[in-house]
Protein chains: 2
Amino acid sequence: MADVADLAGVSLKTVSRVVNNAPHVQPELIERVLAAVAELGFRRNPLASSLRSGQTNATIGLLIEEIANPFYATIAGAAAEVARQHDTMLIIASSEEDPAREEQLLRDMCARRVDGLLVVPAGDDHSFLRAEIELGTPMVFLDRPAGGLLADTVLLDNRGGARAGVRRLVEAGHRRIGILLDSIGVYTMRERLDGAQDALAPAGVPYDTRLVRDGVRDPAAAAQVVSELLEGPDPPTAFFSLNNRITLGVIEELHRRGSDAAVLGFDDFDVARLVPYPLTVIAYDTRELARTATELLFHRIEGDRSWPRTVVLPTELVARGAPPR
Amino acid sequence: MADVADLAGVSLKTVSRVVNNAPHVQPELIERVLAAVAELGFRRNPLASSLRSGQTNATIGLLIEEIANPFYATIAGAAAEVARQHDTMLIIASSEEDPAREEQLLRDMCARRVDGLLVVPAGDDHSFLRAEIELGTPMVFLDRPAGGLLADTVLLDNRGGARAGVRRLVEAGHRRIGILLDSIGVYTMRERLDGAQDALAPAGVPYDTRLVRDGVRDPAAAAQVVSELLEGPDPPTAFFSLNNRITLGVIEELHRRGSDAAVLGFDDFDVARLVPYPLTVIAYDTRELARTATELLFHRIEGDRSWPRTVVLPTELVARGAPPR
DNA sequence: TATGGCTTGGACAACGTTGTCACAATAGCG
DNA sequence: CGCTATTGTGACAACGTTGTCCAAGCCATA
């Protein structure tokens, strides 16, 4: 910048003013400075700038579980889009569901003085972030609530969606429903399971824990569990899979066996309409989830200091192929 | 940091030394400083640090087309994993296939003094990056080569894969093959199309441009094109779709019509084995692509100044369901 | 012509950190 | 007992930028 000032024959500060479009600089000087900038290929250093000004550095952080997962990739895409509209860069970090790693990454992002943080929480205690919040870093949690922390949160209506879906199965006459889930340790899974119970009880359908299988991590495991349940005594006539990886495995196994058990899946997926099996899914708008959260974050960054909000977005029941019997 | 120094009764510089694990500090002082750090909740500011030292700031940039696309999400995931092993943050930006935006984002990342850049190029002229490279920012291009720039590049064997796949169709007796592609403007598409031609010529199969359709952007468009070709005179007996979005549409339409045309698709996809149709795909390891590129980048960051390399990763033919006739 | 307000430019310090250097204290040597 | 190494410590400047403040120049008004 000093070189530019020399070449243009003005002071350092004048260059700074020109570069920042500050008022009160003669048009002729602006001209000269811009010419010098072009000639020397000067670009200001945003790091130094934000160090000095203490102001925003046009960066927000996004913490997710795993970027390669389409759900999180969609979130990242929507967040990036909103960030772009605000001329802001997005730093993405993956916690891999590890609370210790999550804490380290969040602290690291805060140390980099991001303007705000978008967090899909992995751990269940985020009180370590309280200091950061008080220090002025806005943050919004999405998909799952923060643990031990009052903060802006955007959630899906997991419970309501599961309730509606299972109610439909029950109304269609199913009384034995196999339920497959990834991990009861995850908030969304607990909510979905609660929703299923909500629907069973009023219909007088017993909640049979033998039909509920936790720890189903991938399609292969799901196929295996479906096998076991179908070959056991008093097999289910319907399956409720609590995420789309599981749904894939369930369908694959039912298809292989030629079974006509009904399938209800939480999470929609791209190729659902190609799947050779009638399938009802509980769908939601992932982009809208992320968009809402990111916009809320930018409100905070722009100075909104109102009481923390919690937004719950609706889910929708989508039937494809033949409806569940 | 000054506060920490006061509390510990040492100088600023000693605190800096302790924080950076520099040698030549008395164990007792280290003790006192760490206690003060803990008490005040001090964390050093990496921005200021990298401003002063001019050294790395433990950040690399990744430029892709669109983060929500599973292909790029997988790349981002693999890059993030390698970055994590090097204690480095990853900044991800999406160009949305817009060369102007690409240039702006790349310049912006360079201005933030990232340690290195991973680029899936969108435009076809990247000579504006030459200055950055000479200024010492290492960069690696992946999936597509840079335009007008000698730089490290990691590619897939698009041409060889397409050649092998089409050769197989030809050997199975197909002489009329419909070819559907997204955009001839994209490097990978051109390579794949060239590969197809490579396989046709030696078999004496004419390259009929009426069977080649450019501009097929999504599954619906692909379905439409398949319809047209099948209903036209002398319809194809096989289809080669140059990416997986197109493959989905092709299969959907063939399935709808009960057609038994053979399908060869570039790109594997998750649910390929669920698809109710015999399908051969040209598969490759996307994670390996990104991993190779990221590791090459870190070699450069760590000082490897050897001549730019180009790595080409193999593709593999995978047949699912019945083989093409 | 003197006064005051407004515009414009520049000197200086500061953001939080680290590299350089010098100095003090200690140890080792003849 | 001096002398040199060695080790530990701190003062200072610098990284590239911007906020603060002051001064100089200009115009309009009294």
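Per chain, numbering begins at 1; letters A, B, ... match sequence-line order.
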query = Would you say the base of dG10(C) and the side-chain of R17(A) have a donor-acceptor pair closer than 3.5 Å?
reply = yes
From dG19(D), dA11(C), dT8(C), nucleotide with atom closest to S53(A) side chain = dG19(D)
request  = Give one of base, sugar-phosphate or nothing for V19(B), where a contact means two heavy atoms less than 4.0 Å apart.
outcome  = nothing
task = Using atom types as modelled and distance alone, determine if a side-chain donor or acceptor of R144(B) lies under 3.5 Å from a backbone N or O of P121(B).
result = yes
ask   = Among dT18(C), dG10(D), dG19(D), which nucleotide sits nearest the side chain of T14(B)?
value = dG10(D)
query = Which of these nucleotides, dT18(D), dT17(C), dT9(D), is closest to any side-chain atom of N45(B)?
reply = dT17(C)
query = dG10(D), dT9(D), dA11(C): which one has an atom nearest the side-chain heavy atoms of K13(A)?
reply = dA11(C)
key: Heavy-atom closest contact (R32(B) atom, G9(B) atom, distance)   = NH2-O, 3.7 Å
key: Closest-nucleotide ordering on DNA chain D, the 5'-leading residue of Q26(B) and A48(B)   = Q26(B)
query = Rounded to the nearest Å, what distance is computed from the CG atom of residue L51(A) to the P atom of nucleotide dT17(D)?
reply = 11 Å
For atom CZ of R112(B) and atom P of dT17(D), their distance in whole Å = 14 Å
Closest to the N20(B) side chain, choosing from dT18(D), dG16(C), dT18(C) = dT18(C)
inquiry  = Between C1' on dG16(C) and CG on L12(B), what's the gap in Å once rounded to a whole number?
reply    = 9 Å
message = Using heavy-atom distances to pick each residue's nearest nucleotide on DNA chain D, tell me which of R113(B) and V25(B) is more 5'.
response = V25(B)
task = Please state whether the phosphate of dG10(C), meaning OP1 or OP2, lies under 4.0 angstrom from any side-chain nitrogen or oxygen of S11(A).
result = yes
request  = Return the value, rounded to whole Å, for the distance between atom CE of M1(B) and atom P of dA14(C).
outcome  = 17 Å
task = Answer yes or no: is there a donor N or O on one side and an acceptor on the other, between the side chain of R43(B) and the main chain of R107(A), under 3.5 Å?
result = yes
query = Out of dT17(C), dT7(D), dT7(C), which nucleotide sits closest to the side chain of H24(B)?
reply = dT7(D)
note = When rounded to whole Å, the CG to P distance for the pair L29(B) and dT7(D) reads 17 Å
inquiry  = Under 3.5 Å, is there any donor-acceptor pair linking the side chain of R52(A) to the base of dT18(D)?
reply    = yes
request  = Whole angstrom is fine here: how far is it from CD1 in I30(A) over to C1' in dG9(C)?
outcome  = 13 Å
ask   = Which one, dT17(C), dA11(C), dT18(D), comes nearest to the side chain of R44(A)?
value = dT18(D)
ask   = Are any of S49(B)'s side-chain N or O atoms less than 4.0 Å away from OP1 or OP2 of dG16(C)?
value = no
For atom CZ of F42(A) and atom P of dG16(D), their distance in whole Å = 10 Å
Pair R300(B) + D115(B): basic N to acidic O under 4.0 Å = no
ask   = Mind checking whether V4(B) and V19(B) have side chains closer than 4.5 Å, heavy atoms only?
value = no
inquiry  = Check this for me, if you would: do R291(B) and E81(B) make a salt bridge, where the nitrogen-to-carboxylate-oxygen distance has to be below 4.0 angstrom?
reply    = no
